[in-house]
Amino acid sequence: MNFDTIIIGGGMAGLSCALRCLEAGLKTAVIASGQSALHFSSGSIDVLAKTPSGKHVINPMDSLETFSKEYPSHPYAALGKETVERAINWYKTTLSAIGVPLTSQKDGLNHYRLTPLGTMKSTWLSQPFVHQFPMDLEKNKTQKMVLITIDGFRDFQPKLAQDNLKQITQLSDLEIATASISLSAFNDIQRNHCELRSIDISRLLSKRANRQELAYALQQHANPGDLVVLPSIFGNGTGLSYLREIEQLTKLTLCEVPTMPPSLLGIRLEESMKHAFIELGGTMLNGDHVVQGEFSYVDKSDPEHSHYRLNRLFTKNHGDFPLQAKQFVLATGSFFSQGLKANVDSMIEPIFGLDIAQSDKRTDWYSHDFFSTQSHPFLSMGIKTTANFQAIKSGHVIDNLYCAGAILSGYNPILEGSGSGVAISSGFHAAESIIEQLQCSDSLQNNNTKAEVAL
Ligand SMILES: Cc1cc2nc3c(=O)[nH]c(=O)nc-3n(C[C@H](O)[C@H](O)[C@H](O)COP(=O)(O)OP(=O)(O)OC[C@H]3O[C@@H](n4cnc5c(N)ncnc54)[C@H](O)[C@@H]3O)c2cc1C
């Protein structure tokens, strides 16, 4: 099979890159072996909430230039503010066009979203039913919050969230109530608590009668004007329309909070992107695993300009039948998704054996104090790339293999709250570089053909 671009990895970075490539008319394939980090994510887009030294960031876009000077090995420094801003705006427009509008605060500041534990987490873009609290919580306008769960559902505990919310001094005027509701449709699955996960509830709520029963139950515990906080229990494609329907029926203001995995808010983003990719004509190879690549060495007499070229990929499912492309993107994530692996005495990139950016000494991988406020160094480790995010193998650049997302080194997505921001902007950047290169080589080919015809 022959493509313009093959992207390895179906998470935020790979799918953002894939959608941008398709938009530019490239014949694109995505190979994704399993679940991405989106299944564990809040579904809000973190751009930058904290610096590595722990300083809170209030306005991520305005901070990017100073931040890049202070942390020159961070991916944002190589991408530059203009690319990050363009990428995130493009992502917002694209997601809105495919049915998941994402919004930020009008003043460009981060906002707080509520976590299932009743704490506040700073983020940049959120989905329509994720309530955006101001960074200055004293300015919170919500007067009463009702935290509601479904009887037997263990992944959201309103009383625990209530206790934690009460610890936030700026919210001391906020009235907080809790409730647990029982719905007849859930009686059967409640017998086995292991089965009552958000995804099971979402299946039952795809029936209109069950949604109506839920709407009625919510009205027994809350009044218009209250902020009704529910665990995210509405499915992927239709979830937002069901939430709108219940808001219309009840006149209540609803707020979704992400739950323990599976996180439907994160899955909603992944499924929407995958669906759009297939609808636009992309080739999605779900459940296949890239095992190795075949390279050629382009010897340019001058060793500095000699490089590798990746010609084809071999996967578990396709066995001896390779997949070919002009350009490739590696977006296989970090240790979490096995884009990186740690052996007893070394860290490896398992598909191509790419160069790793950090120390090989195991003792440098972690802090001795497990609960230290400083992050463990391995969380910022990744592969070595050029400033343009091309991969490096045995010291040589692979000029048609770009890298994006959590496999990159020099940042800690969780500590900084920069995970989706880096994934989207590096995926977008890889796509833009590929589009430019392919357009260049097409116009070269056209010129050569014209020249041949003229001859
Ligand atoms: C638990 C958790 C929660 C998070 N929550 C948030 C949040 O709320 N907001 C936020 O902004 N960020 C969050 N982040 C960070 C952010 O989600 C990640 O940094 C970002 O999504 C990474 O995307 P990625 O595409 O680089 O990698 P991943 O999402 O890890 O995707 C990698 C993909 O590559 C595939 N893959 C791996 N190896 C192969 C192979 N050999 N062949 C084929 N496919 C392969 C995997 O199956 C997967 O599809 C969270 C991260 C984690 C770990």
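Every number for a ligand or one of its atoms is a count from 1 in the order of the listing. Throughout, numbering of the chain's residues begins at 1 and tracks the sequence.
Atoms of ligand 1 found under 4.0 Å from any heavy atom of His289 (numbered from 1 in listed order, with element): 40 (C), 41 (N), 42 (N). Near Ile31, with a cut-off below 4.0 Å to any heavy atom, the atoms of ligand 1 are 43 (C), 44 (N). Heavy-atom contacts of Ala331 reach the following atoms of ligand 1: 32 (C), 33 (C), 34 (O) (cutoff under 4.0 Å). With ligand atoms numbered from 1 in the order given, ligand 1 contributes 32 (C), 34 (O), 36 (N), 37 (C), 38 (N), 39 (C), 45 (C) to contacts under 4.0 Å with heavy atoms of Thr332. Atoms of ligand 1 lying under 4.0 Å from at least one heavy atom of Ile8, given by number and element, are 42 (N), 43 (C).
Annotation: Gly10 places an N or O atom under 3.5 Å from an N or O atom of ligand 1; distance criterion only. Taking only nitrogen or oxygen atoms, main chain and side chain alike, Tyr411 does not reach within less than 3.5 Å of ligand 1. At under 3.5 Å, not a single nitrogen or oxygen of Asp288, backbone or side chain, sits near a nitrogen or oxygen of ligand 1. Taking any N or O of Gly43, backbone or side chain, none lies under 3.5 Å from an N or O belonging to ligand 1. Backbone and side-chain nitrogen or oxygen atoms of Gly421 are examined, and none is located within less than 3.5 angstrom of a nitrogen or oxygen of ligand 1. The shortest N or O to N or O distance between Gln338 and ligand 1 is not below 3.5 Å. Any N or O atom pair closer than 3.5 Å counts here, and Gly405 shares no such pair with ligand 1.
Residue Glu256 forms a side-chain hydrogen bond (donor to acceptor under 3.5 Å, both in side chains) with just one option from Arg113, Arg268, Gln127, and that option is Arg268. Tyr402 pairs with exactly one of Gln437, His429, Glu432 by the side-chain hydrogen bond (donor to acceptor under 3.5 Å, both in side chains) rule, that one being Gln437.
Summary of contacts: the protein heavy atom closest to atom 35 (C) of ligand 1 is Gly9 CA, 3.8 Å. Nearest to atom 3 (C) of ligand 1 among the protein's heavy atoms is Phe40 O, 3.5 Å. In this structure, the protein non-hydrogen atom closest to atom 27 (O) of ligand 1 is Gly333 CA, 3.4 Å. From the protein, the heavy atom lying nearest to atom 30 (O) of ligand 1 is Ser337 OG, 2.5 Å. In terms of protein heavy-atom proximity, atom 15 (C) of ligand 1 is closest to Gly419 CA, 3.8 Å. Nearest protein heavy-atom neighbour of atom 8 (O) of ligand 1: Ser42 OG, 2.6 Å. If you check which protein heavy atom lies closest to atom 42 (N) of ligand 1, you get Val290 N, 3.0 Å. In terms of protein heavy-atom proximity, atom 29 (O) of ligand 1 is nearest to Ala37 N, 2.9 Å.
Residue Ile414 places a heavy atom under 4.0 Å from ligand 1. Remark: distances from the non-hydrogen atoms of Gln35 to ligand 1 include one below 4.0 Å. Remark: distances from the non-hydrogen atoms of Thr123 to ligand 1 are all 4.0 Å or more.
Within 6.0 Å of CD on Gln170 lie more than 12 heavy atoms contributed by other residues, nucleotides or ligands.
Between the side chains of Ser232 and Thr259, no donor-acceptor pair is found at a separation under 3.5 Å.
Counting heavy atoms closer than 4.0 Å to ligand 1, residue Ser418 contributes nothing at all. If you look at Ser420 next to ligand 1, the close heavy atoms, those under 4.0 Å, come from the backbone and the side chain alike. Using a 4.0 Å cut-off between heavy atoms, Ile407 makes no contact with ligand 1 at all.
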Using the side chain to side chain contact (heavy atoms under 4.5 Å, CB included) rule, take Asp399 and Arg309 through it: C-alpha gap first, then chi angles, then the decisive distance, then the call. CA-CA 6 Å; Asp399 80 339; Arg309 242 191 118 64; 3.1 Å; yes
Could you walk me through whether Ser206 and Tyr242 pass the side chain to side chain contact (heavy atoms under 4.5 Å, CB included) check? CA-CA 8 Å; Ser206 62; Tyr242 293 164; 3.9 Å; yes
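Closest approach of Ile267 to Pro262, counting heavy atoms only: CD1-CB, 3.7 Å. Shown here for Pro350 and Gly339, the closest heavy-atom pair between the two residues is CD-O, 3.2 Å. Contact record, Ser425 with Tyr76: OG-CE2, 3.8 Å, taken as the closest heavy-atom pair.
At a threshold of 4.0 Å, the pair Lys27-Asp4 does not count as salt-bridged, since none of the basic side-chain nitrogens sits closer than that to a carboxylate oxygen. A salt bridge is defined here as a Lys NZ or Arg NE, NH1 or NH2 lying under 4.0 Å from an Asp or Glu carboxylate O, and Glu23 with Arg20 meets this definition. The pair Asp288-Lys316 does not meet the salt-bridge criterion, since no charged nitrogen lies less than 4.0 angstrom from a carboxylate oxygen.
Ring centroids of Phe336 and Phe40 are separated by less than 6.0 Å, placing the two rings close together.
Residues meeting the ring-ring contact (aromatic ring centres under 6.0 Å, His included) test with Phe133, sequence neighbours left out: His131.
Comparing heavy-atom distances from atom 31 (O) of ligand 1 across Ala32, Ser16, Ser36 singles out Ser36 as nearest. Distances from atom 6 (C) of ligand 1 to the heavy atoms of Gly34, Ser41, Ser33, Ala406 put Ser41 nearest.
One distance of note links NE2 of His74 with CG of Leu408; it measures 10.0 Å at 0.5 Å rounding.
You'll find the side chain of Thr149 stays beyond 4.5 Å of the side chain of Leu147, heavy atoms only.
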